Every structure is written in structure tokens, then in C-alpha cells.
There are 2 protein chains.
Amino acid sequence: MTIATATRFRQVCAEHGLTATHQRQILFEVLQGMTGHPSPEKVYAKVKRRIPSVSLATVYKNIHLFIASGIFREVSLHHGSLRVEVNSRPHHHLVCTVCRSISDIDEKDLGLLQKPKTLSSGFLVERYAVDVLGRCPSCQEKP
Amino acid sequence: MTIATATRFRQVCAEHGLTATHQRQILFEVLQGMTGHPSPEKVYAKVKRRIPSVSLATVYKNIHLFIASGIFREVSLHHGSLRVEVNSRPHHHLVCTVCRSISDIDEKDLGLLQKPKTLSSGFLVERYAVDVLGRCPSCQEKP
DNA sequence: TTACAGATGATAAGAATTATTGTTTAATAA
DNA sequence: TTATTAAACAATAATTCTTATCATCTGTAA
């Protein structure tokens, strides 16, 4: 790591009120150097190369901390257990970033899509699923 | 249940090549009568009221079967383990409905959003996350 | 430099899901 | 209707992913 990177990490920690520990710094650097959508286990494997004594729990805790601080995001707020969609009407989802509650919004009420059916990447489009992320009414009261 | 419902269930099973068992029929009816985004446990609880001997594993297996057949959907293909988003550019996701692989597409390349910032429901919009669902190049070969 | 709040590592515990196995049932043909 | 047989079922063990617990250790501010 460069001194610039270390300095930047300390700045980020200061901004978010986090203690600048060695484990966090390595985790930060590892995450920045990864591509795609790594799982905690994958991240752990990389951190472990640089800190062999690191614990998986520490990786989990600090990933959550980085996400809570807004330093990184999670790929989807829907991860977790399986949920069945029983609404057969075309609709999308309002997902609360605080409590993770999901409510439905009819496709026509969202009214923002002009669906291109082909994408240059060779991906065959079947449909779009839009998550509107934000705060549900009851979570707008809390700060 | 009405005779019409039973008949419809048998039709659905015939269409998808499924054996029409009692457990499946009750599960089908229970799902149709639920709202929101129920978990397998919630569904199991309801089925159990009508078939006290039913097993949770049966509910899981048949929910998966219904989803595989396209009779119901799952709320999100992202459920499962936590994934970290390490791409800090504004982007959305191409999600393969067959292998569940995720790839990124730049927001500007998707080009379909006109973001309304307010929704009538009192939901405070922060941002949109679009999943383009379909088949990735390697899954287009299989039938 | 020291005190201490907070972080870490080791590991137990918990929740969600899947696999295994012996028994029962639905679909079909006689 | 009954016999046959592949498929589905219930019970439960096993697995996977994640969180909680707790005894040390460390970063920070005084």
C-alpha cells in the first residue's frame, strides 16, 4: 500500500467516526482491489493472505460497518431468505433502506421505463425488475 | 376449495407436467390467498393449518417447483448470501435467470430512466436499482 | 504513557435451506 | 377396480451462512 492510500483510509475513517485499525485498512484495500460482487468468504480469503490471523467474524463485522457507513454498498437489499411473489400483476418494488420492508408499486404507476429489448452485451432481456430504494413512511421519522 | 379451483389446479399441473398431489393443491391455494412477500416458514404455517402432517421440506420443495415451472416467482434472484458492491460507478445489473450470475451495466448504457423523485405513496426516493433479467450469453445455448 | 472504549480472534449458537432415507401415494394399464 | 411403479412425502440429519459471546488486545485522547 502507498502512503496516499493509507492517508485516504484514515480520512475515510475520520469522516465516518471509525477507528482506523489495521484489519479495517487491509479490508478496505482488498475491497477496492476486487471486481464483481464478492461474497464475505471471498473477501476473507484475500484479507487472510495479508493478515493470516484475521477472523471471518471480523471481516463480516467490518463489511457491515462499511456498508452502514456508506463506504461500500451491498449488491441487493433482498439478500437473505427466499420470498415468494404472490402478486401476479406487473409491478415493481419500493424497498426501504432502513427497515428493508418491501411494498409493491404497479408498473403503470412507476411510469419510467422505455424498455430496450436488446443490449449490446449479448444478454437476452426477458424483463426488468426495478427497486425504488428509499425510506418508507414510518422510517422517515427516525433521523 | 371450490370444484373450479381444484379443476384449475389440475390444469396448471397438467400444463407443467406436475403430479397433482394434495399437498401441492393446498400449497397452491394458500399462496394464491396470501399477500405481500411471504417466507417459506409463513407459507408452511398456513399450509400446516390445513394439513397438520405436512413437512417444511415439502413446502420448500414445492415452492421451488412452482417457481421453476413459472407458476409463481421469487421476489428477488439476489436472495442468498451477502455480496459486496465494489463498483462505485452508477450502474445497474444484468441478472441471468438461469445461472443467477450478475454483471454490471453502466447507468448511461441502460438509458431508460426518467426518475420521478416523488411517489404518491409517501415513500422518500433515494435512488433506483434496476435488474435486467434474462439469459446471459452462456445460458442462451441450453434450451 | 496510560486508561479505557472499542476492536479482535476463537468459537459456539442460530437461522435458513438442502440432503437422505424409509414410507406412502398418484397415475396408469390390465 | 386393483396392481404396479415412479414420484412424492415426512422426518430429520447435515450443511451453509451469519451472528453472538467473551476473553484478550489495540487505537486514541488526555
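As a basis for the values below, the full set of heavy atoms in this structure was taken, side chains included, without hydrogen atoms, waters or symmetry mates. Keep in mind that this is a model prediction, so the values were computed, not measured.
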(message) If I compare all heavy atoms of A/S81 with all of B/H79, which pair ends up nearest, and what's the gap?
(response) O-CB, 3.9 Å
(message) Please report the distance, rounded to the nearest Å, between CD1 in B/I26 and C1' in D/dC9.
(response) 15 Å
(message) Which is more 5' along DNA chain C, the nucleotide nearest A/S81 or the one nearest B/H22? Just name the residue.
(response) A/S81
(request) Ignoring backbone atoms, establish whether B/T19 has a side-chain N or O less than 4.0 Å from OP1 or OP2 of C/dA26. (result) no
(message) Without decimals, in angstroms, what is the distance between A/N62 CG and D/dG27 C1'?
(response) 14 Å
(request) Grab the CD-C1' distance between B/E41 and C/dG14 for me, whole Å please. (result) 13 Å
(message) Between the side chains of B/R49 and B/E29, is the shortest nitrogen-to-carboxylate-oxygen separation below 4.0 Å, so that they form an ion pair?
(response) no
(request) State whether the side chain of B/S69 and the backbone N or O of B/I71 hold a donor-acceptor pair below 3.5 Å, judged by distance alone. (result) no
(request) Answer yes or no: does a side-chain N or O of B/T58 lie under 4.0 Å from OP1 or OP2 of D/dA10? (result) yes
(message) Both B/G80 and B/G17 contact DNA chain D. Which one's nearest nucleotide lies toward the 5' end?
(response) B/G17
(request) Look at the side-chain N and O atoms of A/T21 and state whether any lies under 4.0 Å from the OP1 or OP2 oxygen of C/dT8. (result) yes
(message) By the 4.0 Å heavy-atom rule, please label A/A20 as base, sugar-phosphate, or nothing.
(response) sugar-phosphate
(request) Specify the separation, in whole Å, of atom OH of B/Y44 and atom P of C/dT17. (result) 14 Å
(message) For the residue pair B/E74 / A/H78, report whether a side-chain donor-acceptor contact shorter than 3.5 Å exists.
(response) no
(request) Look at all strands and tell whether B/Q23 reaches a base, only sugar-phosphate, or nothing, counting heavy atoms closer than 4.0 Å. (result) sugar-phosphate
(request) Output the single nucleotide from C/dA27, D/dT18, C/dA10 whose closest atom is nearest the side chain of B/R10. (result) C/dA27
(message) Output the rounded distance in Å from NE2 (B/H78) to C1' (D/dC17).
(response) 18 Å
(message) So, does A/Y60 get its side chain near the phosphate of D/dT18, meaning an N or O under 4.0 Å from OP1 or OP2?
(response) yes
(message) If you compare every side-chain N and O of A/H64 against the phosphate oxygens of D/dT19 (OP1, OP2), does one of them come in below 4.0 Å?
(response) yes
(message) Minimum heavy-atom separation for A/T19 and A/C13, please, with both atom names.
(response) O-SG, 4.2 Å
(message) From CD1 of B/I51 over to C1' of C/dT25, roughly how many Å is that when rounded to an integer?
(response) 13 Å
(message) I want to confirm an ordering. Mapping A/A57 and A/K61 to their closest nucleotides on DNA chain C, which one lands closer to the 5' end?
(response) A/K61
(request) Round to a whole Å and report the spacing from CG of A/L18 to C1' of D/dT28. (result) 14 Å
(message) Rounded to whole Å, please give me the gap between CG in B/L82 and C1' in D/dT16.
(response) 14 Å
